[in-house]
Asks: 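Just passing along the structure, written as structure tokens.
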Amino acid sequence: MSKYEPKIVEEKWRKVWRETGLYKTPENPKNPYYGLVMFAYPSGDLHCGHWYPYTGGDILARFARMQGHDVLHTNGFDAFGLPAENAAIKRGLMADVWTEENISTMTRQYEATGNMYDYDRLINTSKPEYYKWTQWLFLQLYKNGKAYQKEALVNWDPVDKTVLANEQVINGRAERSGAEVEKKSLKQWFFKITDYADALLEGLDNIEWPNRIKDAQKNWIGKSHGSLVKFPIKDSNDFLEIYTTRIDTIYSGTFIVLAPEHELVTSLTVDSQKQEVVKYQEISQSKTDTVRLEGKDKSGVFTGSYALNPATNESMPIWVADFVLGGYGTGAVFADAHDQRDSEFAKKYNIPLKTSVKPVDDRDISKIESFEICFEDDGILYNSEHFDGLTSSEAREKITEYLGSKGLAQKTTQYRLRDWLISRQRYWGSPIPIIYCEKCGTVPVPEKDLPVVLPLAQKIDKSGKSPLYRDSFINTECPECGGQAKRETDTMDTFVDSSWYYLRYPNPHYDKGPFDPEALNKWLPVSTYIGGPEHATMHLLYVRFMAHFLNEAGFLETNEPIPRFICNGLIDGPDGQKMSKSRGNVVDPDEYVNKYGADSVRLYMMFMGSYTDGGPWDPARFEGASRFISRFYELVHSDYKPQEINTIQEVELQSRSHKLVKKLKEDIAVAKFNTAIAAAMEFVNFASQIKRYGVVSEASWKEAVSMLVLSMAPITPYVCEELWQTLGGQESVHKQAWPRYDEKLVTDDVVTIVVQVNGKLKNEFVAEIGTANEELEKIARGLDAINKIIQKGEIIKVVVVPNRLVNFVIKQ
RNA sequence: GGGCGAGUGGUGGAACUGGUAUACACGACAGACUUAAAAUCUGUUGCCUCUGAGGCUUGCGGGUUCAAGUCCCGCCUCGCCCACCA
């Protein structure tokens with residue numbers, strides 16, 4: 001009896017698996033399974049928070065293989081980006097050297113943690129053979145009018161000295177540096193994701209993704225239905241166009257507010273107000289979003305002009321205030337008492353308010369007694385002429401129709417989704433393949449000249465001026481006229497790199513295009529994609545956008561190549577806080593692998609709780625996992641030589657082992673790893689009892705432990721391989737087919753029937769499956785404990801649920 | 001302010017379409033082995049009264065039902081995402 005030595009055993013099998021090419025992807029899959037996990041930033045701090053999603057993906061891939069699938073499963077590195085660049089600057093290293101170092105550490109860790117990756121397929125997005133095709137994609141988008149340049153107020157991060165996407169700004173602060181974001185005007189490249197707003201919404205119906213992710217994307221796209229209303233400007237022939245979702249409140253609209261950047265502000269401002277308005281515009285221009293948000297007190301100035309309410313014809317003063325956003329709708333709102341913000345603003349500046357919607361109690365508008373303000377979306381109209389008594393939703397239709405007949409309103413749709421700003425004033429990214437020529441203007445780099453190589457071995461300058469500004473990079477020839485020209489010095493957002501990487505795994509060394517259509521044909525669609533919920537609206541939306549574009553442009557057969565996504569939960573550190581290096585609560589995989597073995601860590605993580613919920617890493621609880629591995633090993637590894645046979649035990653062992661196989665198959669298939677493991681633990685406890693005290697035939701024993709080893713192989717690959725060899729296995733356990741279970745052995749022929757009185761458990765008995773209701777009731781009545789109780793009262797009703805319970809309803 | 005989700009023992013968490021609440025594990029306590037400890041093994045472990053036995057229990061308050069952790073209504077608390085989006 002030797003003790004299990006995870007370190008020695010795991011090292012042994014790691015080597016064997018590598019040498020025998022166990023994880024090589026089959027060339028011609030008949031029954032493909034493409035297991036995809038979100039690749040990682042090689043920023044140097046791989047911790048158990050990364051390992052968690054990967055373990056789930058690995059279990060599913062190994063399981064699929066045992067189910068008879070040909071499996072493609074690998075990983076890669078999202079190698080470009082700010083974290084790597086910042087880390088390199090901090091350490092005085094070259095970004096590429098730093099990245100390579102991390103990649104080799106992480107590759108070793110991927111392997112040590114037992115992942116069934118095809119290590120010949122690892123992708124590194126910072127290599128020219130990869131980013132050549134990221135640039136190629138940019139050119140396709142450009143050719144199709146989906147990439148364009150525009151001068152725009154952008155989010156400027158003063159610490160990292162770069163432009164950030166809206167998605168990377170959190171409450172006015174930069175997601176990474178935490179700096180307060182400033183506004184700055186620059187010429188930037190955008191991808192026209194807004195062209196796909198509807199397609200991306202509709203596509204959600206065709207994919208099996210968690211609702212939380214779908215809802216987040218719907219919310220982000222933010223389609224809203226409303227009306228575009230024209231407000232005539234007083235003493236003028238012009239109109240102000242206003243988008244509203246609440247046209248039902250138009251009869252109480254008493255004033256209008258414009259965003260400071262609204263194009264009509266200047267012409268609408270009367271001379272006497274000019275000074276004040278201009279000053280206000282300047283102030284809000286310089287304000288960052290944080291200040292605008294934090295300033296709870298709404299401020300604004302009057303323009304001196306009026307518009308007419310198209311419904312009532314009353315005059316409405318036109319104000320300017322920065323709580324109205326220039327970039328949404330028409331940058332103008334009409335205001336009334338039914339909006340919290342509007343009414344606060346009106347009170348502050350003594351603007352009269354009116355109301356026209358009451359809460360829905362009943363539809364009788366004569367019951368309005370007091371001045372009641374309804375902030376709900378839905379109410380009943382009053383003070384609204386012939387629309388009185390309608391519900392808000394009815395009124396929205398009718399009022400839009402009515403004003404529409406006068407040419408003053410129309411139904412319309414708005415989105416909050418903005419185009420994707422992809423320019424970054426950073427070094428460590430894919431250069432944007434564009435050349436500026438004084439004669440020819442903006443000229444795309446011809447495809448034959450790709451890649452535009454990112455100059456390496458550059459010292460990264462702390463001033464933030466990109467090394468791409470060096471003359472040797474900037475100065476070039478115009479591809480069209482051959483004259484002097486300059487290269488674009490911005491690089492692409494790393495989300496561009498990661499928006500298509502999964503299309504390359506099927507043939508990662510393909511050099512005739514970004515992806516090999518033949519290989520895609522073999523492997524797509526992705527069978528399961530696994531990753532964290534934090535990517536719900538960025539990566540996961542960009543991935544879909546890119547697929548929609550590629551499909552439309554004829555490069556991809558489907559526009560939703562990832563039909564199934566599983567969202568893993570997040571792992572918190574031992575302190576209950578989200579695991580991150582900055583908080584100092586990271587758990588280092590190497591330490592645990594050396595001490596306990598990768599299997600124990602895998603088991604511990606997967607047993608912690610529901611895979612979609614994650615949980616806190618609690619070192620105190622870890623021992624249990626490691627203990628289980630030892631008991632499991634001991635159970636199967638040491639000899640069992642029974643003297644005689646007990647038939648009852650024999651039958652029970654058979655039944656339990658076949659049930660185990662069924663349970664694990666069902667649970668693993670739907671990523672319920674925690675309950676699968678619990679079932680295995682129960683089985684090991686039971687089998688240990690049999691081994692210690694029981695007597696069963698060697699054949700049954702061997703069948704039982706083989707089933708255990710095989711069905712646990714996806715979860716704890718090392719110890720199962722070792723045990724499989726002990727049991728006399730010739731080939732790797734990971735090449736075996738999933739064990740078959742006998743349907744007869746997993747169905748019980750007896751069942752425990754619960755006896756209740758008034759719904760409360762009082763007793764129970766065992767009966768054969770399928771026993772008739774009358775018989776069950778008769779047995780239940782015959783039980784002493786029950787008899788005593790029911791005699792005390794009068795039986796009103798008896799409920800019998802076949803194979804489950806008998807419930808006596810009595811009156812006492 | 002909006003959206004989504006969650007509240008179950010000392011702890012992490014189980015519980016299929018309403019049908020035995022607390023599986024599995026951690027911790028704790030007791031015992032065996034040991035000179036001793038660690039490791040391992042065995043037993044106990046939701047709470048309350050307790051001799052047997054009985055009563056109570058899934059954040060709080062109602063409701064539907066023979067039966068509610070699960071369904072409905074109203075609250076409270078926490079988490080995540082979004083947010084002066086008209």
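Below, chains carry the letters A, B, ... as their sequence lines are ordered, and counting in each starts from 1.
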Asks: Could you work out which one of B/G19, B/G3, B/G13 sits closest to the side chain of A/Pro616?
Replies: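 So the side chain of A/Pro616 is nearest to B/G13.
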Asks: For B/G5, give its Watson-Crick or G-U wobble partner with both distances under 3.5 Å, or none.
Replies: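 Pairing partner: B/C78.
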Asks: Please work out if A/Glu682 contacts a base, only the sugar-phosphate, or nothing of the nucleic acid, heavy-atom cut-off 4.0 Å.
Replies: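 Contact class for A/Glu682: sugar-phosphate only.
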Asks: Separation of A/Phe622 atom CZ from B/A25 atom C1', in whole Å?
Replies: 13 Å
Asks: Below 4.0 angstrom from OP1 or OP2 of B/A83, is there any side-chain N or O of A/Arg416?
Replies: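 So the side chain of A/Arg416 is outside the cut-off, no N or O lying under 4.0 Å from OP1 or OP2 of B/A83.
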Asks: State whether a side-chain donor-acceptor pair under 3.5 Å links A/Asp322 with A/Tyr280.
Replies: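 There is such a pair (donor and acceptor under 3.5 Å, judged by atom type) between the side chains of A/Asp322 and A/Tyr280.
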Asks: Could you check how far CD1 of A/Ile629 sits from C1' of B/C26, rounded to whole Å?
Replies: 16 Å
Asks: Could you check whether any side-chain N or O of A/His539 sits under 3.5 Å from a backbone N or O of A/Phe495, counting only pairs where one atom can act as donor and the other as acceptor?
Replies: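 Not a single qualifying donor-acceptor pair exists.
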Asks: Which of the following nucleotides, B/A25, B/C41, B/C4, is nearest to the side chain of A/Asp215?
Replies: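 Of all the options, the side chain of A/Asp215 is nearest to B/C4.
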Asks: If you measure only the distance, is there a donor-acceptor pair under 3.5 Å linking the side chains of A/Lys663 and A/Ser711?
Replies: no
Asks: By the rule that syn is within 90° of 0, classify the base conformation of B/G69 as syn or anti.
Replies: anti
Asks: Applying a 4.0 Å non-hydrogen cut-off, can you work out what A/Val801 is touching in the nucleic acid: base, sugar-phosphate, or nothing?
Replies: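 Base: the residue A/Val801, judged by heavy atoms under 4.0 Å, touches a nucleobase.
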Asks: Closer to the 5' end of RNA chain B via nearest nucleotide, is it A/Phe607 or A/Thr244?
Replies: A/Phe607
Asks: When we call it a touch if two heavy atoms are under 4.0 Å apart, what does A/Lys672 touch: a base, just sugar-phosphate, or nothing?
Replies: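 Sugar-phosphate: the residue A/Lys672, judged by heavy atoms under 4.0 Å, touches backbone atoms but no base.
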Asks: Looking only at the side chain of A/Leu761 (C-beta and beyond, no hydrogens), which of the listed nucleotides B/C26, B/C16, B/U20 gets closest?
Replies: B/U20
Asks: Looking at every strand, decide which applies to A/Gln689 at a 4.0 Å heavy-atom threshold: base, sugar-phosphate, or nothing.
Replies: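 Contact class for A/Gln689: sugar-phosphate only.
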Asks: Could you tell me how far B/U45 sits from B/G10 if I compare only their P atoms? Round to whole Å.
Replies: 15 Å
Asks: Would you say A/Asp419's side chain and A/Ile193's backbone share a donor-acceptor pair under 3.5 angstrom?
Replies: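 Yes; judged by distance alone, with no hydrogens or angles, the pair exists.
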Asks: Within the structure shown, what part of the strands sits under 4.0 Å from A/Gln756 by heavy-atom distance: base, sugar-phosphate, or nothing?
Replies: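 Result for A/Gln756 = base.
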Asks: Which of the following nucleotides, B/A25, B/A67, B/A15, is nearest to the side chain of A/Met681?
Replies: B/A25
Asks: Is there a Watson-Crick or G-U wobble partner for B/U40 with both distances under 3.5 Å, and which nucleotide is it?
Replies: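 WC or wobble partner is B/A32.
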Asks: Send over the distance from A/Ile677 CD1 to B/A14 C1', rounded to a whole Å.
Replies: 13 Å
Asks: Under a 3.5 Å cutoff, is there a donor and acceptor pairing between the side chains of A/Thr245 and A/Ser224?
Replies: no
Asks: Could you measure between the two C1' atoms, the one in B/C75 and the one in B/C26, and give it in whole Å?
Replies: 35 Å
Asks: Given that both distances must come in under 3.5 Å, which nucleotide forms a Watson-Crick or G-U wobble pair with B/U65?
Replies: none
Asks: Which nucleotide, in any strand shown, forms a Watson-Crick or G-U wobble pair with B/G12, with both distances under 3.5 Å?
Replies: B/C24
Asks: Just compare B/C66, B/C4, B/C84 and give me whichever is closest to any side-chain atom of A/Arg212.
Replies: B/C4
Asks: Rounded to whole Å, how long is the line connecting atom CH2 of A/Trp617 with atom P of B/C26?
Replies: 16 Å
Asks: A/Lys760 NZ to B/G55 C1': how many Å, rounded?
Replies: 10 Å
Asks: Evaluate the criterion side chain to side chain contact (heavy atoms under 4.5 Å, CB included) for residue pair A/Met605 and A/Trp617; output intermediate values, then yes/no.
Replies: CA-CA 8 Å; A/Met605 287 193 293; A/Trp617 181 282; 3.7 Å; yes
Asks: For B/C50, which nucleotide in any strand shown is its Watson-Crick or wobble partner with both distances under 3.5 Å?
Replies: none
Asks: Nearest to the side chain of A/Val799 - B/G12, B/A14, B/G19?
Replies: B/G19
Asks: Taking donor-acceptor contacts at under 3.5 Å, does the side chain of A/Arg627 reach the base of B/U40?
Replies: no
Asks: Students often get this wrong, so: under 4.0 angstrom with heavy atoms, is A/Gly222 touching a base, only sugar-phosphate, or nothing?
Replies: nothing
Asks: Determine the contact category for A/Asp342: base if any of its heavy atoms lies under 4.0 Å from a base atom, sugar-phosphate if only primed atoms, P, OP1 or OP2 are that close, otherwise nothing.
Replies: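 Contact class for A/Asp342: none.
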Asks: Expressed in whole Å, how much space separates the P atoms belonging to B/G12 and B/A30?
Replies: 24 Å
Asks: When you compare B/C76 with B/G59, how far apart are their C1' atoms, in angstrom units rounded to a whole number?
Replies: 7 Å
Asks: Using atom P of each nucleotide, how far apart are B/A6 and B/A83 to the nearest Å?
Replies: 23 Å
Asks: Checking contacts here: which listed nucleotide (B/A14, B/A67, B/A86) is nearest the side-chain heavy atoms of A/Val324?
Replies: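 Closest nucleotide to the A/Val324 side chain: B/A86.
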Asks: Any luck finding a side-chain donor-acceptor pair between A/Ser626 and A/Tyr604 under 3.5 Å?
Replies: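 No pair is found: no donor N or O on one side chain lies under 3.5 Å from an acceptor on the other.
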Asks: With the side chain counted from C-beta on, respond yes when A/Arg781 and A/Val806 share a heavy-atom pair under 4.5 Å apart, and no when they do not.
Replies: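 They are not in side-chain contact.
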Asks: Contact class for A/Asn685 vs. all strands (heavy atom < 4.0 Å): base, sugar-phosphate, or nothing?
Replies: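 If one applies the 4.0 Å heavy-atom cut-off, A/Asn685 turns out to touch the sugar-phosphate alone, with no base involved.
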Asks: Rounded to the nearest angstrom, tell me the gap between atom CG in A/Asn309 and atom P in B/A86.
Replies: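 Computing the A/Asn309:CG to B/A86:P distance gives 20 Å.
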Asks: To the nearest angstrom, how far is A/Tyr693 atom OH from B/C41 atom C1'?
Replies: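 Nearest whole value for this atom pair: 8 Å.
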Asks: Base, sugar-phosphate, or nothing: which does A/Ser224 touch, judged by heavy atoms less than 4.0 Å apart?
Replies: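 No contact at all - A/Ser224 keeps every heavy atom at 4.0 Å or more from the nucleic acid.
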Asks: Looking only at the side chain of A/Asn219 (C-beta and beyond, no hydrogens), which of the listed nucleotides B/C66, B/C26, B/G3 gets closest?
Replies: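 Selected nucleotide (nearest to the side chain): B/G3.
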Asks: Pick the closest RNA chain B nucleotide for A/Arg631 and for A/Lys762 by heavy atoms, then say which residue is nearer the 5' end.
Replies: A/Arg631
Asks: What is the nucleic acid contact for A/Ala216, judged by heavy atoms within less than 4.0 Å: base, sugar-phosphate only, or nothing?
Replies: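 A/Ala216: no heavy atom of the nucleic acid under 4.0 Å.
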Asks: Where the side chain of A/Arg692 is concerned, which of B/C66, B/G19, B/C41 is the nearest nucleotide?
Replies: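 So the nucleotide nearest the side chain must be B/C41.
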Asks: Run the ring-centre check on A/Tyr596 versus A/Phe622 and record whether the distance is less than 6.0 Å.
Replies: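 Yes, the ring of A/Tyr596 comes within the 6.0 Å limit of the ring of A/Phe622, centre to centre.
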Asks: Looking only at atom P, what distance separates B/U57 and B/G9, rounded to whole Å?
Replies: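 After rounding to an integer number of Å, I get 14 Å for this pair.
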Asks: Out of B/A86, B/C16, B/A25, which nucleotide sits closest to the side chain of A/Tyr328?
Replies: B/A86
Asks: Could you tell me how far apart A/Tyr633 (OH) and B/A39 (P) are, to the nearest whole angstrom?
Replies: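 Between P of B/A39 and OH of A/Tyr633: 21 Å.
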Asks: For the P atoms, the ones on B/U22 and on B/A28, what distance do you get once it is rounded to whole angstrom?
Replies: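 Approximately 24 Å lies between the P atom of B/U22 and that of B/A28.
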Asks: Using the P atom in both, what is the distance from B/C71 to B/G54, to the nearest Å?
Replies: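 Roughly 32 Å separates the two P atoms.
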